[in-house]
S.K.: 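This is the structure I have questions about; it appears just below.
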2 protein chains.
Amino acid sequence: MHQPEHLKSAGLKSTLPRLKVLDLFENSKERHLSAEDVYKQLLSSGEDVGLATVYRVLTQFEQAGLLVRHHFEGGKSVFELNKGEHHDHIVCLQCGHVEEFYDTAIEARQEKVATELGFTIRDHSLHIYADCTKKKCPHKRLRMPPGTH
Amino acid sequence: MHQPEHLKSAGLKSTLPRLKVLDLFENSKERHLSAEDVYKQLLSSGEDVGLATVYRVLTQFEQAGLLVRHHFEGGKSVFELNKGEHHDHIVCLQCGHVEEFYDTAIEARQEKVATELGFTIRDHSLHIYADCTKKKCPHKRLRMPPGTH
DNA sequence: TTGCAAATAAGAACAATTATCATTCGTATA
DNA sequence: TATACGAATGATAATTGTTCTTATTTGCAA
Ligand SMILES: [Mn+2]
Ligand SMILES: [Mn+2]
Ligand SMILES: [Zn+2]
Ligand SMILES: [Zn+2]
């Protein structure tokens, strides 16, 4: 199980639900999880947490900088561990798998565009929705594509 | 009022609610409107439409290619007239005003990245959230910044 | 005009998320 | 270690944005 210090240093008191949620993100196969994903995975592994607590904890972790929240299409928020380094996302329309990428040229151009328009960037999101080029999509069908549920 | 032909050629029968909604997009000060924006503006201009009809018509217009739907942060869908040319968006965090831009370098790089990862892009969204550099934000405070309501 | 499929309006239903509140827990202190 | 109290939890109600249902109305072709 995860160490309580990680939570303490984030200003959060070390409770069982928080440790379980953090643990799930550290050990889950998929990096990007919705509140329902977290809730169901905890239930199915025998843990007993309330859905409201999951939502609360995810928001707290986001505010503490432990998690990052994304708004992909499909209506629900998706979270991932904060690696400290920004990256953008490409979402497979066939299986919902999320691939990550970072392109310095894109990042630089955004700054340029914003500056020219008289803005200072605080945040941005670049989501690419795409089909896998391979005949059979190799990504695991762990989650439905956004907008498909 | 708008001409019925515009709807007819889109395969939609020319009804009063549809003409009113299309009219609103043609004449509204803000290009980007949510379902609630449309509903309230129609009500306040004396028109009598149902909210469900607004949602239905917006979706139909999107499918007919008359409108484009965006998912900015803040939970609600936002629509704009389809100009036929793709563009990305920069949202002012101080007033919610939406500025549009198009950058060929960014678009090209996205293709490159996707191809390298084995994907064919079907769609994408690039949203920049930024502060206006001017002392006093010059944009009209017509809508609250996303996530602020 | 009339006829009828298509469209509307009102409200119920839904899904994701947040708020409320009585109970339980974590931890600082005696 | 026992106690005490504010913080956290879980059950459930409430909210929000959106879609569905259905009885009624409307556009338009014959
Ligand atoms: Mn980026
Ligand atoms: Mn673009
Ligand atoms: Zn990611
Ligand atoms: Zn636009």
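Proteins get letters first, then strands, A, B, ... in listed order; numbering begins at 1 in each. All of these numbers come straight from a predicted model, not from anything done at the bench.
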S.K.: Taking CD from A:Glu73 and P from D:dG17, how many angstroms apart are they, rounded to a whole number?
M.R.: 18 Å
S.K.: Within the 4.5 Å heavy-atom criterion, are B:Thr59 and B:Leu67 side-chain neighbours or not?
M.R.: no
S.K.: What one-letter contact string describes nucleotides 6-14 of chain D from 5' to 3', where B marks a base within less than 4.0 Å of any protein heavy atom, S marks contact via sugar-phosphate atoms alone, and - marks no contact?
M.R.: BSSBBBB--
S.K.: Starting from P on D:dT18, measure out to NZ on A:Lys76 and report it in whole angstrom.
M.R.: 16 Å
S.K.: Using a 3.5 Å distance criterion without hydrogens, assess whether the side chain of B:Thr120 forms a donor-acceptor pair with backbone atoms of A:Thr133.
M.R.: no
S.K.: Working note: B:His89 + B:His32, criterion ring-ring contact (aromatic ring centres under 6.0 Å, His included); need CA distance, chi angles, decisive distance, verdict.
M.R.: CA-CA 11 Å; B:His89 297 89; B:His32 305 83; 4.9 Å; yes
S.K.: Could you tell me how far apart B:Gln63 (CD) and C:dA7 (P) are, to the nearest whole angstrom?
M.R.: 12 Å
S.K.: What is the distance, to the nearest angstrom, from the CG atom on B:Leu33 to the C1' atom on D:dT18?
M.R.: 17 Å
S.K.: Atom CG of B:Leu7 to atom C1' of D:dG27: distance rounded to whole Å?
M.R.: 12 Å
S.K.: Could you measure the distance from the CZ atom of B:Arg18 to the CG atom of B:Asp23? Nearest 0.5 Å is fine.
M.R.: 15.0 Å
S.K.: How long is the line joining CZ of B:Phe79 and P of D:dG17, in whole Å?
M.R.: 14 Å
S.K.: Could you measure the distance from the CG atom of B:Asp88 to the NE2 atom of A:His124? Nearest 0.5 Å is fine.
M.R.: 11.5 Å
S.K.: Consider the side chain of A:Ala35, meaning its heavy atoms from C-beta on, and name the nucleotide among C:dT17, D:dC28, D:dG17 that approaches it most closely.
M.R.: C:dT17
S.K.: Is any side-chain N or O of B:Ser77 closer than 4.0 Å to OP1 or OP2 of D:dT18?
M.R.: yes
S.K.: Are any non-hydrogen side-chain atoms of A:Tyr39 and A:Leu58 less than 4.5 angstrom apart?
M.R.: no
S.K.: Could you state the OH-C1' distance from A:Tyr55 to D:dT15, rounded to the nearest angstrom?
M.R.: 13 Å
S.K.: To the nearest angstrom, how far is A:His71 atom NE2 from D:dG17 atom C1'?
M.R.: 15 Å
